2 protein chains.
Amino acid sequence: MEKQLKRILLVEDDPNFGIVLKDYLTMNDYDVTHAKNGMEGFEKFKKSDYDLCILDVMMPYKDGFTLAKEIREKNKEVPIIFLTAKAMKEDVLKGYKVGADDYLNKPFDSEVLLMKISAIIQRKNTETVADSAEFMFTIGGFELNSKLRFLSYNGGEPEKLSPKENQLLRLLALHVNDLMPRELALTKIWRDDNYFTSRSMDVYIAKLRKYLKKDEKVEILNIHGEGFRLVINS
Amino acid sequence: MEKQLKRILLVEDDPNFGIVLKDYLTMNDYDVTHAKNGMEGFEKFKKSDYDLCILDVMMPYKDGFTLAKEIREKNKEVPIIFLTAKAMKEDVLKGYKVGADDYLNKPFDSEVLLMKISAIIQRKNTETVADSAEFMFTIGGFELNSKLRFLSYNGGEPEKLSPKENQLLRLLALHVNDLMPRELALTKIWRDDNYFTSRSMDVYIAKLRKYLKKDEKVEILNIHGEGFRLVINS
DNA sequence: TAACAGTTTAACCTAACGTTAACAATTATG
DNA sequence: CATAATTGTTAACGTTAGGTTAAACTGTTA
């Protein structure tokens, strides 16, 4: 089974150093996306889901702190590591204020970076375990067991869901009666937000609607241009 | 009853220090085997069973890391403590990569060593106790004695299971009706998660299914991309 | 050193899954 | 009202995971 690689967003303007670092991390089993400046970094961040961000502090146009602030507005969870050329105390403080998880001075030992990365991801992992513990959902007359990927109606024979079907239905269930934004599903499940993943998602919505037909009280409504809404009518 | 002394393999090339350390440990109720270099260390390791290895890092011909790697190939369980003259960061990292349990800088406090030894052996002990606590399982019409590696059906002649068959069935039984993740079996039983160990596991699933055919109420179901599920149908 | 048990690797096949294309239907927008 | 953008749906396709059997390998024992 293919192991799900942890995804890192690396924002570093120095092209040489950036490529070397990206390759090094890639060799060590991380799925690395490299952005060459703050703007690009933020665009890439919005488009997908990352387990960790590594930001260079000194970059033209948009420095690492500003970028970090923008990232924090979108996501308060994702760990951030700053890279900086000189060890300036104010910078360090500024970094932690923005919500940095760690701080590295260039030049740094690459193995130290690896250690820090795995430590941080490890920590986040154990924190999130409790989060993902919920995998039983009642959806009208249906019962979704998203761990076993089973969907049963009125206690009957459970139907098997595919991983994508399961993830999508679970995400909808987490937002019952509320908007589940397109973008959310695309970044969380497809890990990319583009035309094709979007179409793919529509296909899965169709599949789910087919499953949910058994209970006419349950439906998935579209909110044009926004996303979908799983509603239970009473 | 004579208490079973814990056995320590000490590999240390400095004759004086080696003898002193051996005597010290012996006085503290350990059964110590002293090897004077890496080769001898590995020979002694293969010849017997140890509860702990203490390896000097800097040795002629074969250094401690190389020896540790060889030992790990034979035995992924035995705890290893490295001794090193200077605190070199790379060495520490290298050591942990090889699967070291602890790390000591020479000169070290001998009492600290004793503490670490007993802590490590203690930990390994409790781990294995918890692990092996349950070894009798009822699986539909079957009885699994995973200590003796026997599987019997309706009280008939028990069949012998191979170690891997036994471990896998036991792990499945510990998760009856629930998901037993692929990764769990691979890391717990095969201690490695790659394409080949994964295929190997599939082979063992096939073998187990063959055994379990006698009771059509018992089956091992696959959850695509996730793992397996041992179910007892009523 | 031959036989054997246990395990891994290879090979071949089937099933599961996800993406994409194609076309229809619906909804926004000027 | 016309037309562009978005969404609904089905089917075909390629890829990967899993099922199974047999051969190759490894270490141990007679």
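Since this is a predicted model, take the numbers as computed values, not measurements. Just so we're on the same page: letters track the sequence lines, and every chain starts at 1.
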Give the rounded distance in Å between these two atoms: [atom1] of [X] and [atom2] of [N].
| X | N | atom1 | atom2 | result |
| --- | --- | --- | --- | --- |
| Asp193(B) | dT8(C) | CG | P | 14 Å |
| Leu168(A) | dG8(D) | CG | C1' | 14 Å |
| Ile205(A) | dA25(C) | CD1 | C1' | 17 Å |
| Glu219(A) | dT7(D) | CD | P | 17 Å |
| Phe228(A) | dT6(D) | CZ | P | 13 Å |
| Leu208(B) | dT21(D) | CG | C1' | 16 Å |
| Glu159(B) | dA5(C) | CD | C1' | 15 Å |
| Glu183(A) | dT7(D) | CD | C1' | 18 Å |

Rounded to the nearest 0.5 Å, what separation is found between the [atom1] atom of [X] and the [atom2] atom of [Y]?
| X | Y | atom1 | atom2 | value |
| --- | --- | --- | --- | --- |
| Ile232(A) | Ile139(A) | CD1 | CD1 | 6.5 Å |
| Leu55(A) | Lys62(A) | CG | NZ | 11.0 Å |
| Glu219(B) | Leu212(B) | CD | CG | 10.0 Å |

Check: Quick one: does Leu186(A)'s side chain get under 4.5 Å of Asp192(A)'s, heavy atoms only?
Finding: no
Notebook entry, point to check: Is Lys188(B) salt-bridged to Asp193(B), cutoff N-O under 4.0 Å?
Noted result: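 Salt bridge flag = no for Asp193(B) with Lys188(B).
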Next item on the list: Taking only Lys NZ, Arg NE, NH1 and NH2, and the carboxylate oxygens of Asp or Glu, determine whether Asp202(A) and Arg182(A) approach each other closer than 4.0 Å.
Entry: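 Judged by the 4.0 Å cut-off on N to carboxylate O distance, Asp202(A) and Arg182(A) do form a salt bridge.
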Checklist line | Flag if over 12 foreign heavy atoms under 6.0 Å of NZ, Lys44(B) | finding: yes
Checklist line | Check against salt bridge (Lys or Arg N to Asp or Glu O under 4.0 Å), Asp31(A) and Arg7(A) | finding: CA-CA 5 Å; Asp31(A) 176 357; Arg7(A) 311 192 70 218; 3.3 Å; yes
Margin query: Using five pairs at each end of the helix from dT1(C)-dA30(D) to dG30(C)-dC1(D) to define an axis, what is the angle between those two axes, to 10°?
Written below: 30°
Next item on the list: Going 5' to 3' through nucleotides 11-20 of chain C, assign each nucleotide B (protein heavy atom under 4.0 Å from a base atom), S (under 4.0 Å only from sugar-phosphate atoms) or - (no protein heavy atom that close).
Entry: B----SSBBB
Notebook entry, point to check: Does Lys210(B) put a side-chain nitrogen or oxygen below 4.0 Å from OP1 or OP2 of dT20(D)?
Noted result: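 Looking at the OP1 and OP2 atoms of dT20(D), neither is under 4.0 Å from any side-chain N or O of Lys210(B).
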Next item on the list: With Lys147(B) as the cation and Phe135(B) as the aromatic partner, state whether NZ or CZ is under 6.0 Å from the six-membered ring centre and within 45° of the axis.
Entry: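 Pair Lys147(B)/Phe135(B) counts as cation-pi.
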Margin query: So Asn222(B), base contact, sugar-phosphate only, or nothing? Heavy-atom distance under 4.0 Å.
Written below: sugar-phosphate
